[in-house]
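Report on the following structure.
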Amino acid sequence: MNIKILSRNPNLYSTQRLVEAAKKRKHEVEIIDPLKCDIVIEKRKPNIYYKGKYLEHVDAVIPRIGASVTFYGTAVVRQFEMMNAFTTTGSEALLRSRDKLRSLQLLSKAKIGLPKTVFTNYSRDVEGVINQVGGTPLVIKLLEGTQGLGVVLAETKNAARSVIEAFNGLQARVIVQEFIKEAKGADIRAFVVDGHVVGAMKRQGKEGEFRSNLHRGGSAEIIELSDEEEVAAVRAAKAMGLGVAGVDMLQSSRGPLILEVNSSPGLEGIEKATNKDIAKSIIRFIEKNA
Ligand SMILES: Nc1ncnc2c1ncn2[C@@H]1O[C@H](COP(=O)(O)OP(=O)(O)O)[C@@H](O)[C@H]1O
Ligand SMILES: [Mg+2]
């Protein structure tokens with residue numbers, strides 16, 4: 001098959017592993033920078049012009065679109081869809097996943113466990129917002145943060161009030177969320193491909209840190225999911241319409257609570273923690289569908 005990987009950086013671990021896995025299974029594979037694709041639209045002949053030529057006969061694409069290039073990246077993925085190429089991540093699902101609030105709304109409708117969350121239009125009733133999530137400690141998150149940046153733990157009412165008012169004053173949109181202390185600074189990343197969990201790891205924040213992001217110095221180890229956790233991960237990916245997803249959840253006293261669903265989950269952390277060939281699962285997903 002003719003497979004294109006949409007990635008801005010050919011040197012990334014994830015990109016290289018996908019190339020390797022595709023070649024191993026005898027596919028033709030090329031890395032395409034989505035920002036260098038020109039989208040050509042005319043009656044019944046959608047096309048993409050890339051480095052001096054039209055891209056012809058593409059069977060499948062693997063979008064690896066970073067958060068900062070969501071708009072153009074999604075347009076390119078959509079164009080490949082118009083050209084009848086199979087995509088491991090649909091353009092609509094990709095877009096949906098980039099909005100934390102919209103994602104939580106969709107997950108809640110799908111009856112998936114979530115930490116109680118409040119979003120307001122810079123409400124002045126900060127006290128009311130704090131009470132809605134059960135008081136402090138609570139977590140405040142910038143709507144568009146990633147890698148743990150913009151996620152704040154407020155331990156007291158005074159702290160919560162000052163932080164929320166500060167963000168409001170800057171017109172920075174935040175969600176306010178109940179703090180799940182039983183998670184003890186850890187979370188679970190379940191990697192879902194084609195409706196199955198193909199690998200899972202537990203990430204633990206470094207000493208004194210409630211955020212378990214690997215980018216914030218957290219460490220990861222393989223974990224065996226409970227049935228309930230596995231079902232939650234698969235359902236969350238399905239609710240978001242994602243064939244490939246990194247589902248993040250907290251272990252709480254009332255079962256797994258989903259934090260977010262990632263549409264371009266990295267392969268390095270999960271492959272190293274689990275020793276599994278996740279890239280191969282993604283290529284197999286293409287073989288089954290393209
Ligand atoms: N409500 C919460 N209760 C306890 N810990 C949380 C909560 N929300 C986030 N965390 C911790 O902070 C980390 C980062 O939060 P997350 O919502 O995933 O933001 P980001 O998109 O920046 O990764 C999570 O992986 C988790 O360890
Ligand atoms: Mg996260």
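Both backbone and side-chain heavy atoms feed into the values below; hydrogens, waters and symmetry mates do not. We count ligands from 1, going down the list as the structure has it; atoms in each ligand are counted the same way.
Close N/O approach between Asp187 and ligand 1 is found [any backbone or side-chain N/O within under 3.5 Å]. An N or O contact shorter than 3.5 Å is missing between Arg203 and ligand 1 by distance. Residue-to-ligand polar distances place Glu260 within reach of ligand 1: an N/O pair is separated by less than 3.5 Å. Taking distance alone, with nitrogen or oxygen atoms compared against 3.5 Å, Ile180 approaches ligand 1 more closely than that limit.
Checking Thr70 against Arg98 by side-chain atom types alone, a donor-acceptor pair falls below 3.5 Å. With no hydrogens or angles considered, a side-chain donor-acceptor pair links Thr117 and Gln177 at under 3.5 Å. Using a 3.5 Å distance cut-off with no hydrogens or angles, the side chains of Ser91 and Glu81 do pair a donor with an acceptor. A donor-acceptor contact closer than 3.5 angstrom links the side chains of Asn121 and Arg173.
By heavy-atom distance, the residue among Gln204, Glu209, Lys141, Met249 lying nearest atom 8 (N) of ligand 1 is Lys141. Of the candidates Asn213, Val152, Leu149, Asn213 brings a heavy atom nearest to atom 13 (C) of ligand 1. Here atom 22 (O) of ligand 1 lies nearest to Gly148 when heavy atoms of Ser212, Gly148, Gly150, Pro115 are compared.
Put simply, the side chain of Thr274 does not reach to within 4.5 Å of the side chain of Phe191, judged on heavy atoms. Side-chain contact between Lys181 and Pro137 is absent, with no heavy-atom pair separated by less than 4.5 Å. Put simply, the side chain of Thr88 reaches to within 4.5 Å of the side chain of Pro63, judged on heavy atoms. Side chains of Glu127 and Lys157 form a contact here, defined as non-hydrogen atoms less than 4.5 Å apart.
Atoms of ligand 1 lying under 4.0 Å from any heavy atom of Gln147, numbered from 1 in the order shown and given with element: 20 (P), 22 (O), 23 (O). Counting the atoms of ligand 1 from 1 in the order shown, those under 4.0 Å from a heavy atom of Val139 are 1 (N), 2 (C). The Phe179 neighbourhood of ligand 1 comprises atoms 3 (N), 4 (C), with distances under 4.0 Å to a heavy atom of that residue. Those atoms of ligand 1 with a heavy atom of Val151 less than 4.0 angstrom away are 15 (O), 19 (O), 22 (O). Taking every heavy atom of Gln177 and a limit of under 4.0 angstrom, the matching atoms of ligand 1 come to 1 (N), 8 (N).
The atom name of the N/O/S atom in Glu260 closest to the Mg ion (ligand 2) is OE2.
Considering only non-hydrogen protein atoms, atom 11 (C) of ligand 1 sits nearest to Phe210 O, 3.6 Å. The protein non-hydrogen atom at the shortest distance from atom 7 (C) of ligand 1 is Leu250 CD1, 3.9 Å. Scanning all protein heavy atoms for the shortest distance to atom 24 (C) of ligand 1 gives Leu259 CD1, 3.6 Å.
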Pairs of donor and acceptor atoms involving the side chains of residues 218-225, under 3.5 Å and at least two apart or interchain, shall be tabulated with distances.
none

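A heavy-atom separation below 4.0 Å is found between Lys100 and ligand 1. Distances shorter than 4.0 angstrom occur between a heavy atom of Glu178 and an atom of ligand 1.
Summarising the local packing, CG of Asp227 is surrounded by 12 or fewer heavy atoms from other residues, nucleotides or ligands at distances under 6.0 Å.
The salt bridge (charged side-chain N to carboxylate O under 4.0 Å, His left out) pairs that include a residue from residues 234-254 are Glu178-Arg254, Arg189-Asp248, Arg203-Asp248, where partners are two or more places apart or lie in different chains.
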